[in-house]
Structures are given as structure tokens and as C-alpha cells.
Amino acid sequence: MSSATLRAALVALLAVATVVKSDQDIYVDDALSNGWQNWGWNTVINWAATDLAVGTSSISAVSDAYAAVSLKSPETIGSYAGLKFDIAADPSQLQLYFQSTADDSQSSAIPISAISAAINPTSFTTVIVDFNALPPNGAPLGAGTWDRINFQALGNGASYHLDNIQLLTSIVVTPEFLSAEPIANNYIAVTTKGAVNFTSVAVKLNNATIAVNGQATYVPPDTPSRSITYLKLAKNLAPGTLSVSAGSLSVSYILPAVQEGSVLTGTKTPISPLIYGVNWPPSASYIQQLGVTVSRWGGNAVTAYNPFGDFTNAAADWFYENRNADAGNANTWIGWIKGAGSQAMMTIPALDWVAKDSTSYSYPKTIYPDQQKFDPYNADAGNGLFPNGSYVQPTTDPNRAYVPWNTTAARTWLSGLTNKPEFLFIDNEIEIAHGTHQDMHPAPMSYDEELSRVVQYAKVAKDALPNAKVAAPSTCSWWFYWTSAVGYTDNAAHGNVDFLPWFLAQMKAASTTAGKRLLDYLDIHYYFQPDLSANDDAAKALRLRMTRSLWDPTYVDESWVGTNVQNHQPNGAAVWLIPRMKQLISANYPGTKLSISEWSSTADGDITGGLVTADVLGIFGRYGVDVATYWANPDAKGPVGLAYWLYRGSGTYFGNTGVQVNLATSNAANTYGVYAATEGGKLSIVIVNKDTKPLGFHLANVPTGSYFLRHFGGAAGVAKWQTNITLTTSQYIVVPAYTALFIKKT
Ligand SMILES: *[C@@H]1O[C@H](CO)[C@@H](O)[C@H](O)[C@H]1NC(C)=O
Ligand SMILES: *[C@@H]1O[C@H](CO)[C@@H](O)[C@H](O)[C@H]1NC(C)=O
Ligand SMILES: *[C@@H]1O[C@H](CO)[C@@H](O)[C@H](O)[C@H]1NC(C)=O
Ligand SMILES: *[C@@H]1O[C@H](CO)[C@@H](O)[C@H](O)[C@H]1NC(C)=O
Ligand SMILES: *[C@@H]1O[C@H](CO)[C@@H](O)[C@H](O)[C@H]1NC(C)=O
């Protein structure tokens with residue numbers, strides 16, 4: 001604001017009407033006001049910048065990676081309705097979050113890009129963040145002793161301007177129809193915000209008005225800012241032009257010709273309940289809300305976990321620094337995970353060192369002054385690389401951050417666990433230890449060394465906890481399924497057999513020698529290889545069709561995998577992941593199960609990532625994956641979390657016995673997936689519409705009657721909720737664009 005006079009008048013007014021709380025200025029021009037302070041870090045700030053300003057001046061800030069402008073209030077701010085500010089920034093380089101000084105808690109981070117699509121680096125955009133509906137998911141800020149507002153740069157650092165920062169006492173939510181979409185047999189799902197008037201809603205199908213017979217409104221507790229109202233139509237939806245008008249919103253849909261399909265409940269295949277897992281669930285309520293069946297203690301830091309002090313080391317992920325283990329003590333973790341109803345997967349370190357304390361690090365500047373990067377929070381801790389990107393020399397002394405670790409230590413630890421994990425993993429991605437853990441294992445891992453480590457630690461695992469299932473080798477990606485970090489000379493030294501088939505055959509032989517099975521699960525990590533970082537329409541469509549790499553032998557991977565075939569496997573340009581792995585198992589070590597303990601949708605915050613997840617969970621069930629855990633713990637209210645909720649939310653589960661779905665249209669897997677299952681005689685169906693237009697199905701052998709319906713996605717962003725519907729014989733099940741729908745017979 002530029003008018004000093006008006007401000008003076010307001011201040012005068014405030015002085016008299018002290019009981020009425022009013023909007024509070026944090027920054028207008030030149031300096032922070034009302035007792036606010038800057039508690040930011042590693043950021044160069046000009047509080048009176050004139051290069052870009054509304055009024056006389058603005059805040060200009062240049063933050064290093066993960067550094068921030070942190071505005072600290074003299075009192076808590078939770079009773080305000082929201083925050084208003086002007087911002088000029090590259091929205092992809094910055095995020096906003098709230099923090100409490102009293103208990104150090106933090107809100108979830110809000111990407112600046114999710115606040116407004118208009119935000120740009122060259123001019124100011126005025127935005128309001130509603131504390132009752134934080135972007136991107138509409139979740140409330142929630143109760144807390146919030147007193148800090150942090151504008152934080154992401155990994156590349158950021159240069160940005162802020163102006164006219166103000167706390168608002170009220171935000172008028174203009175009643176608005178956000179979307180109105182046909183769904184299921186005879187419903188319109190309307191997403192709204194504010195107090196809308198539904199009397200004006202009119203629905204026409206092929207120019208004939210359809211009466212609305214009933215309506216039910218839900219306010220999802222975790223997104224109270226958006227309500228969803230189901231309008232029950234007097235007649236079924238049908239192919240043709242559907243128009244819906246509601247207030248100022250007027251939308252029309254081409255409902256497509258009916259696609260015939262059928263559900264064959266005679267053809268049954270079991271669906272493993274353990275495919276609905278995640279890494280590091282944050283709480284017991286998360287496990288219950290999303291129906292998480294199995295939880296993994298995984299990732300790069302677990303390699304250095306020292307159970308005799310609960311220390312770990314971040315490895316290449318963060319300047320090789322020791323810290324207290326994020327999840328605390330392993331035994332305690334297993335206890336609460338199992339108490340919440342999930343199975344527990346523990347990882348046994350299998351290199352030669354674990355963290356010695358919570359503070360040491362491997363590459364001090366005092367010893368290696370010439371490094372590429374140093375920790376912005378600890379200027380002495382470097383990343384172990386010369387400025388040109390090669391590893392520093394001489395190699396560091398592992399004793400700097402670590403103490404020795406061996407099978408005796410592992411045996412002592414595992415034997416002492418009072419909470420028993422269902423699964424024991426032999427370390428994590430050790431085939432790339434020379435990169436991730438170059439401070440303790442600089443030499444490239446060979447076939448023989450990896451096998452030897454897995455065999456030794458598997459024996460300890462089986463001795464100490466005979467009921468735990470052993471999983472290995474947790475290979476990071478497609479490239480290393482087939483060769484080692486040593487390179488192709490290593491394949492050549494092993495009869496030119498690719499790594500995983502060789503490993504399986506060797507584990508079979510080692511088990512025979514040991515007189516017991518040493519490997520219960522072949523564990524791999526699977527990350528889709530195409531580069532989708534553009535996240536434009538083409539990248540989204542590719543993301544949605546690349547789930548075919550999990551099962552389809554005719555799908556040549558649309559990445560380097562499809563063009564640079566480095567393996568010696570049949571049909572090597574197709575990933576064809578699940579059937580391929582099952583074939584390798586049956587050829588080399590029959591009876592071994594298949595585990596995928598890390599995978600990712602490639603876009604946790606994007607609706608297409610949620611649809612990929614819903615599709616993948618259906619595929620894992622249909623093609624018989626035995627265990628799978630997502631990397632890492634998707635936001636329960638975001639698109640990926642909602643895919644878990646769709647299949648498993650709050651005690652309503654997709655069936656445990658897969659049944660066949662026949663569709664008249666073949667080759668539709670680029671645009672949709674249809675999965676069906678039964679349990680206790682009740683049919684459940686998931687339909688994932690990956691297309692940008694609605695789908696309409698008639699599915700034979702789907703019993704008529706009452707169904708529970710749940711969905712997420714659609715035109716209003718990531719709207720979601722659930723209701724009860726009735727299916728009749730003449731059903732025409734509509735699934736809106738970019739929506740995943742679940743129905744289950746009640
Ligand atoms: C809702 O809209 C209808 C028709 O548009 C109008 O008659 C009615 O008064 C409105 N109701 C309210 C509560 O505003
Ligand atoms: C609906 O009405 C429009 C305009 O009156 C007309 O052009 C169109 O053909 C009608 N459509 C149908 C399916 O009757
Ligand atoms: C990188 O820099 C280091 C230290 O200056 C040097 O010893 C090394 O040869 C360089 N490596 C390459 C590939 O240039
Ligand atoms: C592990 O290290 C301890 C301590 O040095 C040693 O006593 C023990 O024999 C080692 N165990 C093995 C299997 O080498
Ligand atoms: C759906 O019906 C079931 C009973 O079959 C009931 O328990 C549940 O509350 C209903 N759900 C909704 C969202 O109406």
C-alpha cells in the first residue's frame with residue numbers, strides 16, 4: 001500500500017476500537033511492522049527494494065538452496081482467517097509453510113505454484129492463502145501455535161520479491177460451483193465452495209430435461225472448504241449430450257457410446273493383501289485411514305542405521321552427515337507399526353560400517369577444502385565431490401563418521417528385538433554403494449561381493465528370527481537388474497548371465513547348501529524411466545500409459561530402456577516387469593515370491609500421479625505381485641494417498657480375489673483400467689479413467705442393487721468423496737475424465 005495517509009487513519013481507528021481484531025500488516029514498505037522479525041537463514045534480503053515494488057518499496061530476497069525468509073510474529077496467528085501478499089517469483093523454486101516456535105511443528109509445505117497459476121518472476125501477483133483451505137488440497141491449517149511464516153527456496157535456491165504482506169481477519173468465500181460431473185448410473189457429482197443455492201441446478205440429456213429426485217451433500221472432514229453434492233437423477237445417464245447448469249457454471253459432456261464388458265466371477269486369482277504398502281508411514285491413523293497393510297523401514301539412510309544408539313547417516317542424499325534415526329528406535333518402530341495393523345519390514349545393514357553418533361560427517365571442509373558443495377546449515381560438511389564432480393581424493397577415513405559393523409553385531413541386534421518384524425530386507429540398493437555410500441564403500445560392488453553379503457546376512461536373519469521372510473537384493477533400477485557397477489566384464493566373468501537370474505540361481509544353490517531357504521522374496525525397486533519432468537499434456541499422457549510396462553509384452557518402453565537394450569533377456573526392449581520377474585523366478589529359483597519395495601507414480605502432487613497409482617494397484621493385484629511398498633509416504637490428502645484410500649480407505653476394501661474383466665475394446669490400456677474382485681461374495685470394481693473425456697460402461701454379470709461408491713479426481717482438481725448408489729439391469733456406468741471410481745456391493 002502506498003498511501004501513508006490512509007494508514008495513519010486506520011491506525012487512529014484501531015486505537016479507539018481495540019476490542020475488534022482487524023487485519024494486521026506484516027510488511028508494507030521499507031521494514032517489518034507490528035513487532036514482526038525476520039528469523040530467516042542463508043538469504044540476502046533488501047527490505048527496501050525499488051527494482052520491483054507496489055508502493056515505494058518491496059522485499060527482495062535471494063535464498064540459497066533450502067534457505068528462507070522466515071517472518072516471526074510476536075504472537076500466534078492461528079486465529080486469523082488467512083494471509084494476503086504480493087509475490088513475484090519463479091513459482092517452481094519456492095514454497096510456503098507455517099511453523100510454531102513453541103513446539104517446532106511445521107505445516108505441510110505449499111508449493112507457490114499451487115497458490116495461483118498467475119505467479120511469475122517479473123511482476124507482482126496478489127494472492128490470498130485461506131487458513132481453512134490450504135493449497136493444493138484444500139486442507140485446513142489446523143490448530144497449532146503458529147507464529148512463523150516461511151518462504152523457502154527449493155534445491156536450486158531462489159530469487160524473489162514479496163510486498164504488502166498482511167494477515168486477514170476474514171475471507172469472504174464467494175459461493176461457487178467448481179464442477180458438476182456425471183458419475184455412475186444416474187448421478188451428477190457437484191463440487192462447490194461457499195454456501196451455494198442448488199435450486200438453480202438443471203440437467204438436460206439430449207435436450208430433454210431430467211428431473212433431480214434427490215440430493216445429498218457431504219463435507220469431507222479433511223477438506224472442509226469443498227463440499228460435494230450428489231444429485232440423483234430421475235432417469236439413467238445415456239450416450240449423447242449432457243448439459244448441466246448450476247449458478248454461473250454451465251458445462252456439457254459428450255457421453256460416449258456404451259462400452260460393453262463383462263465380469264467373469266468364475267475365473268478367480270488371489271490378490272495379495274500386501275501390495276498396499278508404503279515406506280515410513282507417519283502415524284497409526286495414516287495406516288488406518290489409507291488401509292496400509294505393510295510398512296517398510298527403507299531408503300539410503302538405513303544402510304548406516306546403528307541400532308545400538310539409533311544413529312544413521314544421510315549418505316549422498318545430504319552431505320554424508322550423521323543424525324539421529326528419523327523413526328527413532330527400530331524395535332519401537334516395529335511395535336507401533338504392528339500395533340496399527342500393518343506388517344513391518346525391517347532392513348539389516350549389510351556393509352561394514354554404521355553411524356557412530358548423531359553429529360559426525362565424512363567430508364569436513366577442514367580436511368577437504370576443495371569441494372563442489374557444502375551444507376547450507378553446516379558450512380564444514382561437504383558433498384565429497386571435487387568442484388568438477390569427481391570423488392574427492394584420497395578416500396575419506398570411515399572412522400570419521402562410522403563404527404565397524406558385521407554379522408555378529410547384526411545377530412546381537414536381531415536376537416534382542418522384542419517386536420518381531422514379518423520381513424527382513426538385506427540392506428538397500430547396495431549395488432550402487434560406491435556412489436550412495438562412497439565414504440564407506442568406494443569400490444564398485446561386484447556380483448560376487450553382493451551375493452556374499454546377502455548370503456551371510458540372510459543366514460543371520462534366518463537364525464535370529466526364523467519366522468521372518470527374507471527379501472533381497474532391493475536393486476535400485478532396470479539397469480542394475482542386469483549388470484553390476486563393475487560393468488560388463490562382471491557379466492562376462494559369470495558366463496554372460498545377467499545379474500538377477502544369476503543371483504536367483506546362486507541363492508537357490510546357497511539355500512541347498514545351508515539346508516534351508518535363504519531367500520523368500522526377490523525384491524526389486526521399480527522406477528518408471530521416461531523423463532516426465534515437463535509435466536505437460538504429452539508427459540501426462542505418457543505417465544498414464546507407461547503403467548503398461550508392468551505387464552504388457554507388446555509395450556516397448558518409451559525411454560532409453562526401449563532403445564538402448566543392455567540386457568540379454570528375451571523381448572528386452574519391453575520392461576514387461578511382473579511376468580518377466582515371475583519367469584526369471586520360475587526358471588532360477590522356483591517358489592520365491594516377488595516384492596517391489598520401492599516404486600513411485602512420478603508425480604505425488606498431480607492428479608495423473610494419483611491415477612497412475614490407482615492403475616498400478618489394480619495391476620499389482622491382477623498380475624500377482626506378492627508385496628509392494630510405495631516410495632515413500634504419500635500425502636493422505638493428495639492424489640497418490642487418495643488412490644490408496646480408494647482401494648482400502650477406512651476399512652472398506654477392494655476384494656482379495658481377483659476376477660476377470662472382459663471388455664469389447666482391446667488395446668484400451670493407454671486410457672483406462674478396469675479391475676474387479678470379490679470377497680465374502682461381494683463384488684468390488686475399480687475403474688480408472690486416464691482420459692480427458694468421460695467413459696461409459698455396461699458391465700454384464702454385475703448384480704443389481706445397492707453399491708457403495710467412492711471416487712477421486714475430476715474437473716474440480718482432486719475432489720473426492722463417497723455415497724451409496726443403486727445399479728439396475730440397464731446400467732450405464734459413467735466415469736468422468738481423470739477420475740478413479742470404486743464401487744462395492746453392499
Ligand atoms: C435459490 O434460488 C432460487 C431460484 O434461483 C430462488 O428462488 C431462491 O430464493 C434461492 N434461495 C436462497 C436461499 O437464496
Ligand atoms: C438439441 O437442440 C439443439 C438446438 O435447439 C439442436 O441443434 C440439436 O439438434 C438438439 N439435439 C438433439 C439430440 O435433439
Ligand atoms: C577433478 O578435479 C580434481 C581436483 O582438482 C583433479 O585431481 C581431477 O583430475 C579432476 N578430474 C577430472 C575428470 O577432470
Ligand atoms: C565382528 O566384530 C567384532 C568386534 O571386532 C568381533 O569380535 C567379531 O568376531 C566380528 N564378527 C565377525 C563375524 O567377523
Ligand atoms: C451407505 O450405506 C451403508 C449401509 O449399507 C451406511 O452404513 C453408510 O453410512 C452409507 N454411506 C453413505 C456415504 O451414505
Side-chain angles (χ1 to χ4, degrees), residues 172-177 180 183-204 209 211-224 226-233 243-250 289 291 363-374 382-396 434-435 438-439 442 444 642 645-655 679-685 702-712 719-727 741-746:
V172 177
V173 179
T174 312
E176 198 179 335
F177 286 94
I183 195 161
N185 208 34
N186 57 329
Y187 283 83
I188 303 287
V190 184
T191 309
T192 56
K193 74 181 189 182
V196 301
N197 179 350
F198 273 91
T199 14
S200 66
V201 173
V203 181
K204 282 186 176 178
T209 299
V212 174
N213 268 356
Q215 99 182 37
T217 297
Y218 301 94
V219 181
D222 50 5
T223 54
R226 281 181 194 168
S227 309
I228 189 154
T229 300
Y230 296 97
L231 304 178
K232 186 176 181 187
L233 305 178
S243 63
V244 185
S245 61
S248 56
L249 180 78
S250 174
Q289 192 186 342
Y363 297 102
K365 189 174 194 171
T366 44
I367 294 167
Y368 296 102
D370 190 25
Q371 296 188 62
Q372 188 185 55
K373 271 190 195 165
F374 293 91
N383 71 349
L385 301 176
F386 281 126
N388 63 15
S390 61
Y391 297 132
V392 296
Q393 295 296 336
T395 55
T396 191
H434 70 288
Q438 56 139 328
D439 57 342
L642 291 178
W645 168 83
L646 187 83
Y647 280 86
R648 307 273 312 165
S650 307
T652 303
Y653 300 153
F654 187 65
E679 185 160 0
K682 308 273 192 186
L683 180 68
S684 46
I685 301 176
V702 170
T704 58
S706 302
Y707 283 78
F708 173 76
L709 171 144
R710 168 185 272 174
H711 59 99
F712 74 89
K720 59 133 189 180
W721 203 233
Q722 53 198 26
T723 191
N724 290 319
I725 63 163
T726 305
L727 287 185
L741 166 145
F742 166 100
I743 56 172
K744 184 168 187 175
K745 187 85 182 67
T746 56

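First listed ligand is number 1; within each ligand, the first listed atom is number 1.
In terms of protein heavy-atom proximity, atom 3 (C) of ligand 3 is nearest to Phe386 CD1, 3.4 Å. The closest protein non-hydrogen atom to atom 5 (O) of ligand 3 is Asp370 OD2, 4.2 Å. Of all protein heavy atoms, the one closest to atom 6 (C) of ligand 1 is Asn197 ND2, 4.2 Å. Given atom 1 (C) of ligand 3, the protein heavy atom at minimum distance is Asn388 ND2, 1.4 Å. Nearest protein heavy-atom neighbour of atom 12 (C) of ligand 5: Asn724 ND2, 3.3 Å.
Taking every non-hydrogen atom of Thr199 and a distance limit under 4.0 Å, the qualifying atoms of ligand 1 come out as 1 (C), 2 (O), 3 (C). Of all the atoms in ligand 5, the ones that sit under 4.0 Å from a non-hydrogen atom of Gln722 are 13 (C). Close contacts of ligand 5 with Thr723, meaning ligand atoms under 4.0 Å from a residue heavy atom, involve 13 (C).
Under 4.0 angstrom from ligand 5, there are no non-hydrogen atoms of Phe708.
Although no hydrogens or angles enter the test, the distance criterion places a donor-acceptor pair under 3.5 Å between the side chain of Gln371 and the main chain of Tyr368.
In this pair, Tyr187 and Tyr230 present their aromatic rings perpendicular. The plane angle is above 60°, beyond the 30 to 60° band.
Pairing each heavy atom of Ala184 with each of Ile725, the nearest pair is CB-CD1, 3.8 Å.
Using a 3.5 Å distance cut-off with no hydrogens or angles, the side chains of Thr396 and Tyr363 do not pair a donor with an acceptor.
The side-chain contact (heavy atoms from CB on, under 4.5 Å) with Leu727 is formed by just one residue from the set Thr704, Leu709, Val702; it is Val702.
Between Phe177 and Phe198, the gap from one ring centroid to the other is short of 6.0 Å.
When distances from atom 9 (O) of ligand 5 to the protein are checked, no heavy atom turns up under 4.0 Å.
Ligand 5 does not have Trp721 within reach: every non-hydrogen atom of the residue lies 4.0 Å or more from it.
Taking any N or O of Thr746, backbone or side chain, none lies under 3.5 Å from an N or O belonging to ligand 5.
Looking at Asn185 and Thr726, their side chains never come closer than 4.5 Å, going by heavy atoms from C-beta outward. Counting heavy atoms from C-beta on, the side chains of Leu646 and Arg710 come closer than 4.5 Å.
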